Amino acid sequence: MKIRERLGKELLLFDGAMGTMLQEQGLAAGELPELWNLTHPDRIYAVHKRYLDAGADIILSNTFGANRFKLREAGQTVEAVVSRGVSIAKQAVADSGKNAYVALDISSTGKLMKPFGDLEFEDAYTVFREMVDAGARAGADLILFETMGDTYELKAQVLAAKETCSLPVMATMVFDEAGKLLTGASIEAAVALLEGLGVDALGMNCGLGPSQMQALLPRLLAAASVPVIVNPNAGLPVVENGKTVFNVGPEEFAEAMADMVSEGVSLIGGCCGTTPAHIAALRERCGAMPVVPVSDKCRSVVSSPAVAVEIGGAPILIGERINPTGKKLLKEALRKKDMDYLYREGLSQAEHGAHILDVNVGLPEIDECSMLVDTVKGLQAVTNLPLQLDTSDPEAMEKAMRIYNGKPLINSVNGKKESMDAIFPLVRHYGGVVVALTLDEAGIPETAGERIAIAEKIISEAARYGISKKNILVDPLAMTISTGQGNAQTALDCLDYLRHTVGVNTVLGVSNISFGLPRREVVTGAFFLLAMERGLSAGIINPLSGTMMNAYYSYCALKGYDEHCVTYVEQLSRQTAGDTPAVRPSSAGRAEPETMTLRQAVIKGLKDMTPALTKALLEEQTPLSVIDEILIPALDEVGKGFEQNTIFLPQLLMSADAAKNAFEVLKQHLASSGEASESKGTVLLATVKGDIHDIGKNIVKVLLENYGFDVLDLGKDVEPEAILAAAKDSCIRLVGLSALMTTTVVNMEKTIALLHSEYPECRVMVGGAVLTEEYSKQIKADFYSRDAMGSVRYACEIFGC
Amino acid sequence: MTIEKNEVLRYMKILPERCTPELEEQIAQAEDELSRIIRPRRVWKEFPCIVEGMRLQVGNMQVASRSLSSHLAGCSRAVLMAATLGHEVDQLLRRLSLTDMGKGVVCQAVSVAMIEAYCDEIEAGIKQDAARRGYAAKWRFSPGYGDFAIEHQRDFFSMLDCQKHTGMTLTDTCMMNPVKSVTAIIGLYKKDMEKQ
């Protein structure tokens, strides 16, 4: 019988440790166990055989780390090692005469993916695809990704498996005692991602013993709608005489596992320290136990690399601000590829209480596909909030869904056939919760009844793709009441029916209701309250609006979502009066005497005070005079203090941030009056190839921007050719390079040589912990900056200001 | 783990006597915030160690390094260790680079002091364990010190199975992720050798 037919219907036993058994036979630390498939196939066969004899139903091929990175040094091919590993296991199954299965066993590449590490998502995908391909051709019955600590790598793995073969796919992960992966994902976040991708079973292995896993099990079972696997170590490791040992014996192990089977686990086995005796004890103790049937938990969940957000309880807030519609500064940032501006928009919404961030970067004159992908990657590096991918371009949507780390919210599908044909296959393949707009070929219907009919049509079409209602969020469309008196009522009636009768979650772009009216927030806030009361599951709103957030906090307090009104009290007690949005006061935001001037605020680094002070000054002064007479002299004073050692780096940077906030206000003022802010010139900054330390570069960037320079920041680990191309492309006159390690200064030298030969009119300044004046001359840099101010001075010299 | 304020100041190149009350408060706040997000993980294993001239062998790792050989002279065992504060610290530092660079610089310095303090704790445990068996220990020595080539990070990672136990990974250029991570070797020698 095929394994898929037995999954979740009867208890299936995995085998125990392979590594532990091989170490006993002389495998050295650091030696690749997979090479023994070629050198000692008899020993590998014997281990498999012992586990089969002990009663295992599924044995793991000895291919855990048989990827091209690890095999490269050994001079072996993936094909040879993986297919041999699978054949040895298959031979053992055949010789045992049992109805047992071979799992193609695959773990991590050992490398971390970008944006944190240096491995591209698609490269990781290729590495796994190569292993899956070899294993499937050699006759594996299923694929098990195990001992995984990174959801992003899991995504590459499952996609590689699903896009290569049709074998069942299972995944087990290493959680710590708090229920987190080493890279930070919670149990719920990991389950959301894996179920979205369509795995056949999932669970935990390694890292913990049975009792620690049992403590995490209720959370895992509550989240999972597929069969659950538990493969613990034989207890927590104990170091005795310089050696690591595991102390939970077979009987104790089997007893704990029996408890977990009765709680709902249907696949069990062992990891480090477990032996054939442990598996024999499992067979003896649990072999006849029935399994608890697996049920669909019907939870609407989206996830990030760290957390899961469940829709359907207290209303969820989706931050709307990363969307260029009607936002001049954001449009400008998109055109200039000023990604930091977008990331800051995301971070400030997170700080103000958003649960999910909408990401829409569509502008006619930019390449939306690559911009969306870059924005998603960049935002995921700095915030833990799940994202709502918002684009009408199916190609951009697919690319973004593919590289998104987690299970995204997808905005959107609608009742048009063309839309459903394009979007549903993506949702099925990559996973996600999809926003369904109640419009179709005939446009947006007038009545609630017609909109509900479209919603029902979308839901039934989704079901044909295997997408259930829990993964749909219907948007019945809020139209402005300034053009139709009944518009609010129609939307509210839809919400009520959809949520309470159809039983599907709902979402609205709440602020649309007030388009064309004065003081929109007032009516938007009131509508938001009504909508939540009638059944709104998630609102797309501006979290920086005090009115909206106050409506939300009030609603949660009134409806019992905010226990003891803790959040309400916390948020509202921060506000002095009426409408001030509630931001947590930062260290620098302590109450200061009211006589504080902008100059003093910059010098003291009080970044929360400078925007208000700047706005006040703009009533009497021009932006230019604020810059020339106040900001620049204040920055100069701080800069000189730093150079004379009376002011330290943290203070210098706090002043820079305070000035930056003032500049933002001035920019906004200029933009609204149609003027462009002036730039002194553009400096390209990058940390060189091979180096992943970027704090020095980031410090320089903050200061340069303060002094009125635009910065084109290429990030870290940047190829010399990429730096040259970008410099030429943007006619850059000054490039700043940073390197922190002696081993990467070589790449700095290469980059300088390339720039000097191919683009001689460009100057190169360098900095970084290991550099000295002399060293910088050796590698032919034009300037060595011993500290951050040095680079500002040099830039002023180059651009003549 | 307890960190030394003066260490933090040293990482920011500030003399202790120049520290202001504001800076002191920022350091305390950074320490508080970091303490809440760090997830320290470690792994260590002991191996036989043979030192011959400027070459040495620790388990399966072969090293040619004058500075490490002279540091480990007389050692018959050696412990390889790896430790990290976890990925959350890296994310915080990236976030602060965008929103509050001043605080970012302070957090950066405090997190360096923290990983060092954490390594001190681990080292103390290793020394205790060794002492019970009649061994004394040298101070920890990391790849990249002296002429101990940074490429040996690869040996540390495979011999300790760092990724599985700590979530640490290496780039092609042997840089560690999370950034606030340390690997080191600690030589052990029989206590009766101490007098020689």
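Numbered from 1 within each chain, the chains take letters A, B, ... in sequence-line order. Values reported hereafter were calculated over all heavy atoms of this structure, with side chains retained and with hydrogens, waters and symmetry mates removed. Treat the numbers as computed from the prediction; the structure is a model and nothing was measured.
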*Charged N-O contact under 4.0 Å between A/Asp713 and A/Lys697*: yes
Residue from B/Thr169, B/Thr20, B/Thr173, B/Val179 scoring the most non-hydrogen pairs under 4.5 Å with chain A is B/Thr169
Okay, B/Met101 and chain A: the region with an atom under 4.5 Å from a heavy atom over there is both
Open item on the list: With a sphere of 6.0 Å drawn around CD of B/Glu151, does it hold more than 12 non-hydrogen atoms of other residues, nucleotides or ligands?
Closed with: yes
Any ion pair linking B/Glu46 and B/Arg133 (charged N to carboxylate O, less than 4.0 Å)?
yes
> Mind checking whether B/Phe156 and B/His152 have ring centres under 6.0 Å apart?
Replying inline: no
If one checks every heavy atom of B/Thr84 against chain A at 4.5 Å, the contacting part turns out to be neither
In terms of heavy-atom pairs under 4.5 Å with chain B, the winner among A/Thr646, A/Thr743, A/Leu649, A/Leu347 is A/Leu347
Turns out that what part of B/Arg18 lies under 4.5 Å from chain A's heavy atoms comes down to both
Among B/Leu170, B/Leu188, B/Ile126, B/Asp155, the residue with the most heavy-atom pairs under 4.5 Å to chain A is B/Leu170
Cut-off 4.5 Å, heavy atoms of chain B, and the answer for A/Lys701 is neither
Comparing A/Asp150, A/Leu181, A/Val174, A/Asp694 against chain B, the one with the most heavy-atom pairs below 4.5 Å turns out to be A/Leu181
Counting heavy-atom pairs under 4.5 angstrom with chain B, the leader among A/Ser107, A/Gly149, A/Gly207, A/Gly184 is A/Gly184
Most contact-rich option vs chain A, by heavy-atom pairs under 4.5 angstrom, among B/Val105, B/Val79, B/Leu98, is B/Leu98
Of the listed B/Lys164, B/Arg94, B/His87, the one with the largest count of heavy-atom pairs under 4.5 Å with chain A is B/Arg94
- [ ] Determine, for B/Asp172 against A/Lys111, whether the closest basic-nitrogen to carboxylate-oxygen distance falls under 4.0 angstrom.
- [x] yes
Is it the case that atom CZ in B/Arg66 sees more than 12 heavy atoms from other parts of the structure closer than 6.0 Å?
no
Turns out that what part of B/Gln163 lies under 4.5 Å from chain A's heavy atoms comes down to both
Check: Within a radius of less than 6.0 Å around CD of A/Gln644, do more than 12 heavy atoms belonging to other residues, nucleotides or ligands occur?
Finding: yes
Assert top hit (heavy-atom pairs under 4.5 Å, partner chain B, pool A/Asp176, A/Leu652, A/Thr744, A/Asp717) equals A/Asp176
- Hey, are the side chains of B/Pro178 and A/Phe116 touching, using non-hydrogen atoms and a 4.5 Å cut-off? no
Turns out that what part of B/Phe157 lies under 4.5 Å from chain A's heavy atoms comes down to neither
Of the listed B/Gln108, B/Lys13, B/Met12, the one with the largest count of heavy-atom pairs under 4.5 Å with chain A is B/Gln108
If one checks every heavy atom of B/Asp90 against chain A at 4.5 Å, the contacting part turns out to be neither
Chain B shares the most heavy-atom pairs under 4.5 Å, among A/Leu740, A/Ile699, A/Val702, with A/Ile699
The side chain to side chain contact (heavy atoms under 4.5 Å, CB included) partner of B/Val43 among B/Thr166, B/Ile122, B/Asp161 is B/Thr166
The interface call for A/Asp657 against chain B, heavy-atom contacts under 4.5 Å, is side chain
query: Any chance CZ of A/Arg68 has more than 12 other-residue heavy atoms, nucleotides or ligands included, within less than 6.0 Å?
result: yes
Okay, A/Glu705 and chain B: the region with an atom under 4.5 Å from a heavy atom over there is neither
If you tally heavy-atom pairs under 4.5 Å between each of A/Asn384, A/Asn747, A/Thr147 and chain B, the highest tally belongs to A/Asn384
Turns out that what part of B/Met61 lies under 4.5 Å from chain A's heavy atoms comes down to neither
Between B/Glu123 and B/Ile186, the two heavy atoms sitting closest are CG-CD1, 3.6 Å
query = Between B/Arg36 and B/Asp32, is there a salt bridge with N-O shorter than 4.0 Å?
reply = yes
Test the B/Lys138-B/Tyr189 pair against the cation-pi criterion, namely NZ or CZ under 6.0 angstrom from the six-membered ring centroid and within 45° of the ring axis. yes
Okay, B/Arg39 and chain A: the region with an atom under 4.5 Å from a heavy atom over there is side chain
